[in-house]
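One structure is given below, encoded as structure tokens.
Both counts, for ligands and for their atoms, begin at 1 and track the order of listing. Note that the numbering runs from 1 along the sequence shown for the chain.
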Amino acid sequence: MISTKMADRINLQINREMFSAYLYMAMSARMTEMGYTGIGKWLMIQYHEEMFHAMKFAKYLQDQGASVKLDKLDTPDFPEKTVKELFQHVLKHEQWVTASIREMVELARTEKDYATENLLNWYIDEQVEEEKNATEILQAIDLIGNNAQGLFMLNVELGKRDNHAPLDFTKA
Ligand code: OFO
């Protein structure tokens, strides 16, 4: 059993993970509409990853006998119109999510909630991966500079990303 405070914080994080999914879906649409179909696909796979992150928290709440409470999602609002600016936003967003997960670890430690802290270790590792992915894409964009052919190749490369996130709630 977990505390009400911890359950509320996990429910807030579910909302943040689902907002991440919503944001990446919107970014995917914009990139696809601009002709970057490979980048659009990469972002849609990121959408599925985020939904998995949300479902993993939801399943944990249920395993702990706590309720899943879904709140409304904010509208994704982003002004970026270039690939570089968009991935700068992705990195900044992931850094914000990392800070949010770290805050949860602090709460779990304060409450001596070892089970939740153990679950959060998975998310800590995942955030290292999330920030690394965005950073590597930004490094590639910097190497490419204003070379249109390079950007074309990056679009093709990112379009090769596969979906590994389980879509089945019970496998979260
Ligand atoms: Fe759920 O890691 Fe990205 O936001």
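Within ligand 1, counting atoms from 1 as listed, the ones closer than 4.0 Å to a heavy atom of V97 are 4 (O). For ligand 1, the atoms sitting less than 4.0 Å from at least one non-hydrogen atom of Q127 are 1 (Fe), 2 (O), numbered in the order shown with element in parentheses. The S20 neighbourhood of ligand 1 comprises atoms 4 (O), with distances under 4.0 Å to a heavy atom of that residue.
In this pair, Y123 and F57 present their aromatic rings parallel. The plane angle is below 30°, not in the 30 to 60° band.
With 2.8 Å as the limit, E126 does not count as an N, O or S neighbour of atom 1 (Fe) of ligand 1. One of the N, O or S atoms belonging to E130 lies under 2.8 Å away from atom 3 (Fe) of ligand 1.
Using a 4.0 Å cut-off between charged nitrogen and carboxylate oxygen, K132 and E136 count as a salt-bridge pair.
A centroid separation of 6.0 Å or more is found between the aromatic rings of W96 and H89.
Atom 1 (Fe) of ligand 1 lies closest to atom OE1 when only the N/O/S atoms of E17 are considered. Atom 1 (Fe) of ligand 1 lies closest to atom ND1 when only the N/O/S atoms of H53 are considered.
Between the OG atom of S20 and the CG atom of N15 there is a distance of 9.5 Å, given to the nearest 0.5 Å.
Closest to atom 3 (Fe) of ligand 1, if we only count protein heavy atoms, is E50 OE2, 2.1 Å.
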- Task: Kindly indicate, with the supporting measurements, whether the criterion side chain to side chain donor-acceptor pair (under 3.5 Å) is fulfilled by E131 and Q127.
- Result: CA-CA 6 Å; E131 289 191 29; Q127 284 310 119; 5.0 Å; no
- Criterion side-chain contact (heavy atoms from CB on, under 4.5 Å) on R30 and M27, from CA distance to verdict: CA-CA 5 Å; R30 179 170 300 170; M27 286 180 167; 5.8 Å; no
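Contacts of R16 with ligand 1, taken as heavy-atom pairs under 4.0 Å, are absent altogether.
For ligand 1, none of its N or O atoms has an N or O atom of Y24 under 3.5 Å away.
With W42 as the fixed residue, the ring pair (Phe, Tyr, Trp, His ring centres under 6.0 Å) test singles out one of F87, Y36, Y24: F87.
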